Amino acid sequence: MKESWSAFDTFEPHFRPLVVIELAKDTKEETKEWLTQRIVEKKKNGGAQLLVKPLIKEDGERTDGNQHLYLVGASHLRLLLGAETVGLVKECNDNSMRTFTYSSRKTFKDFAENNHDFLTMAERQYIIKHELENLRAKDEKMIPGYPQAKLYPGKSIMRRLLTSGILVQIFPLHDAEELKKLRYTWYGQVKISYQPLDEIRCYFGETIALYFGFLEYFTFALVPMALIGIPYYVFAWEDYDKYVMFASFNLLWSTVILEVWKRCCAIMTYRWGTLLMKRQFEEPRPGFHGVLGINPVTGREEPVYSSIKRQIRIYLVSLPFVCLCLYFSLYVMMIYFELETWALDYHEENESNFSNLMLFVPSIIYAVVIEMMNRIYRYAAEFLTSWENHRLESSHQNHLILKVLVFNFLNCFASLFYIAFVLFDMKLLRQSLATLLITSQILNQFVEALLPYWLQKRHHKKKMYSVKADTDLSLFEQVNLEKEMGTYLGTFDDYLELFLQFGYVSLFSCVYPLAAVFAVLNNITELYSDALKMCRVFKRPFSEPTANIGVWQLAFETMSVISVVTNCALIGLSPQVNALFPESKTDLILIVVLVEHILLALKFVMAFLIPDKPRNIQIKLAKLEFESLEALKQQQMKLATESLKEETHGEKKMN
């Protein structure tokens, strides 16, 4: 049973700052006073019941230039009550995982009233973020000092401040000592070992840890493909008959690794508690707008937008735009093939080392153009998805991912499909695949890690947090350095890169066996470069509890289905298979289609037979569900018994 907030005093005069709120420098004093009052006000009065203070220098002076920076924290008691509110799951003394409640706090492992490390710093910062985001307007009609910034009962104050330009950013602070330890165990030593995923989770949260877990798992999963690919490259390079066996292995590999990942993911997220966390009711996303109405579920006032208008925007504007972009991508692809023809003619005329190099130039140029088009289209897709005005963040993300995946898939793989199934040129397919894969990997490493790191080092006369990470910084210096660091925008681009890499390896690697080798090498450097940018380049992101990799699991599974069709078609094109049907190509096509259907059926059977969760976790989850039902029954029986007693007592009085 939840404890009443009014029963607790959660004030502490001295607290550890966990989160920074940066307001615009010209924010009015009455706005600052109103906001800080709402943050510290008790929950029963509509406040967040947190602790807040302005950032001051070591000598106690609060300079005019820093009055817009505020430090937010909470007492240990307040954080424990917040952990119950957000539904955090922790390990009990009997080694089971249960939703934390303050009343049963002593049954949880490592809990003690004076143990302030019972909640990880990432969990504490997540609780504060949750409370700030759920700070809602009461009777206010506007933000004090800004009549144009309208409010209504139930409106998120932080979201209104953000959209009005009053709030610049909210970010969690780094912990210098913990970060130093994490950097050393994560990438500070040159050694072959697993990543410290539990430590990453404690510091950055489950979403980041799950991405690095998937990156590590995918890298290990590529090793068998790489080991098999090396002898194929060395001994059977021009013998395309041999890739039938390689393609067959590819089919099984792409299915098994995704199913096994689900099990690994379930093991990790059960240990972290997020597998058991109940899904929170989704609030409208910050960018959602519309006329004021009543939500039929919550009964609260919030913006309402017609779904018909949204569908019109999607199907009459977004869809035609995406189709136009796809057409433009195909047009650029045809220009690339004209350049390939020109380079081949030039080589045949000159037959020199220079002409040999020129054969790779069109593919390199095309790979660079693909990356540029992908990034430009990404901005257009984000604008369109935002303009569609989706109410929920999950819906917004799903539409954005769908737009980006469709374009990236066609943009990156259309030329390879054209070469394989229209030109039937396996040598050109091998060359194009190698060039596209290697060039995209180099560009991604440069754009995602090296470029941001270099820009940060130049920014503000090299006064970057990463440069001074090993020195003792005052809180004042730390906040001012961290607020200038770049903002980590999430794992979207990281998963997209792995998705495209999975496509290169699973779709066509049978004609270029070294694809998996280059993918492994890239992922090893990716592990270190991504760790570097998380610890040194970007501000610390807020923790986001998650139980899986979400829609990306479906994206990878879809790619594996396409790879079955592609590899079956490549096998059908091989001279070895064609020799079996010298007279009738129709029979060959029918056999290939039959084999493809059988393999797809086998793939789905394997997916069904391999459980998503290990047996021991299934038993634990079932046990928890049973105990919850029993507890509910006992509670209902107790209420019924008390009600019966009251009725009996009332009847006795009447008699």
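Small disclaimer: the values here were computed from a predicted structure and weren't measured. For reference, positions follow the sequence shown, starting with 1.
Counting only heavy atoms from C-beta outward, the side chains of Gln501 and Phe518 never approach each other to under 4.5 Å. Side-chain contact check for Thr487 versus Phe171: every heavy-atom pair is 4.5 Å or farther apart. Using a 4.5 Å heavy-atom threshold, the side chains of Ser506 and Asn250 count as touching. Put simply, the side chain of Leu521 does not reach to within 4.5 Å of the side chain of Gln441, judged on heavy atoms. Counting heavy atoms from C-beta on, the side chains of Asn523 and Leu215 come closer than 4.5 Å. Side-chain atoms of Met534 and Pro541, non-hydrogen and from C-beta on, do get closer than 4.5 Å to each other. At a threshold of 4.5 Å between non-hydrogen side-chain atoms, the residues Leu179 and Arg540 do not count as touching. Inter-residue side-chain proximity for Met268 and Arg201 is flagged as unmet; no heavy-atom pair is nearer than 4.5 Å.
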message = Let's go through Arg378 and Glu382 carefully: what are the C-alpha distance in whole Å and the side-chain angles of both, what is the deciding distance for side chain to side chain contact (heavy atoms under 4.5 Å, CB included) to 0.1 Å, and is it a yes or a no?
response = CA-CA 6 Å; Arg378 168 74 184 275; Glu382 286 178 344; 2.9 Å; yes
task = Please report the C-alpha distance between Ile571 and Val592 in whole Å, then the side-chain angles of each, then the deciding distance to 0.1 Å, and finally whether the side chain to side chain contact (heavy atoms under 4.5 Å, CB included) criterion is met.
result = CA-CA 8 Å; Ile571 291 171; Val592 169; over 6 Å; no
task = Take Thr439 and Val368 through the side chain to side chain contact (heavy atoms under 4.5 Å, CB included) test and state the conclusion after the steps.
result = CA-CA 7 Å; Thr439 307; Val368 174; 4.2 Å; yes
task = Applying side chain to side chain contact (heavy atoms under 4.5 Å, CB included), run through Leu554 and Thr558 and close with a yes or a no.
result = CA-CA 6 Å; Leu554 178 62; Thr558 304; 4.2 Å; yes
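Of all heavy-atom pairs spanning Thr546 and Thr274, the tightest one is O-OG1, 2.8 Å. Looking at every heavy atom in both residues, Leu210 comes nearest to Ile549 through CD2-N, 4.0 Å. Across all non-hydrogen atoms, the minimal contact from Ile257 to Ala221 is CG2-CB, 3.7 Å.
The main-chain N or O of His174 is found under 3.5 Å from a side-chain atom of Glu482 such that the two form a donor-acceptor pair.
Shown here are the side chain to side chain donor-acceptor pair (under 3.5 Å) partners of Glu557, two or more places apart in sequence or in another chain: Lys262, Gln553. Residues meeting the side-chain contact (heavy atoms from CB on, under 4.5 Å) test with Ser355, sequence neighbours left out: Tyr346, His347, Asn350, Ser352. With sequence neighbours excluded, the residues that form a ring pair (Phe, Tyr, Trp, His ring centres under 6.0 Å) with His399 are His390. For Phe220, the ring pair (Phe, Tyr, Trp, His ring centres under 6.0 Å) criterion is met by Tyr194, not counting sequence neighbours. Partners of Leu252 according to the side-chain contact (heavy atoms from CB on, under 4.5 Å) rule, which considers only residues two or more places apart in sequence or in another chain, are Leu602, Met606. When the side chain to side chain donor-acceptor pair (under 3.5 Å) test is applied to Gln311, no partner is found at least two apart in sequence or on another chain. Tyr366 pairs by the ring pair (Phe, Tyr, Trp, His ring centres under 6.0 Å) definition with Tyr336, not counting sequence neighbours. With sequence neighbours excluded, no residue forms a ring pair (Phe, Tyr, Trp, His ring centres under 6.0 Å) with Tyr184. The side-chain contact (heavy atoms from CB on, under 4.5 Å) test applied to Val605 returns Leu609, not counting sequence neighbours.
Between the side chains of Glu340 and Ser363, at least one donor-acceptor pair of N or O atoms lies under 3.5 Å. Gln397 and Glu393 are linked by a side-chain donor-acceptor pair at a separation below 3.5 angstrom, with hydrogens and angles left out of the test.
One finds no salt bridge joining Glu259 and Arg263 here, because no Lys/Arg side-chain nitrogen approaches an Asp/Glu carboxylate oxygen to under 4.0 Å.
Sorted by first and then second residue, the ring pair (Phe, Tyr, Trp, His ring centres under 6.0 Å) pairs with a member in residues 539-567 read Phe214-Phe556, Phe492-Trp552, Tyr495-Trp552, Phe499-Phe556, Phe502-Phe556; sequence neighbours excluded.
Residue-environment remark: CZ (Phe424) exceeds the threshold of 12 foreign heavy atoms within 6.0 Å.
Atom CG of residue Leu573 and atom CG of residue Leu429 lie 10.0 Å apart, to the nearest 0.5 angstrom.
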Which pairs would a plain distance check flag for residues 312-325, meaning a side-chain donor or acceptor within less than 3.5 Å of a matching protein atom at least two apart in sequence or in another chain?
{"from": "Arg313", "atom 1": "NE", "to": "Tyr305", "atom 2": "OH", "distance (Å)": "3.1"}
{"from": "Arg313", "atom 1": "NH1", "to": "Trp387", "atom 2": "O", "distance (Å)": "2.4"}
{"from": "Arg313", "atom 1": "NH2", "to": "Tyr305", "atom 2": "OH", "distance (Å)": "3.4"}
{"from": "Ser318", "atom 1": "OG", "to": "Glu388", "atom 2": "OE2", "distance (Å)": "2.5"}

Which side-chain N or O atoms in residues 409-421 pair as donor and acceptor under 3.5 Å with protein atoms at least two apart or in another chain?
{"from": "Asn411", "atom 1": "OD1", "to": "Ser329", "atom 2": "OG", "distance (Å)": "2.8"}
{"from": "Asn411", "atom 1": "ND2", "to": "Ile370", "atom 2": "O", "distance (Å)": "3.3"}
{"from": "Asn411", "atom 1": "ND2", "to": "Asn374", "atom 2": "OD1", "distance (Å)": "2.9"}

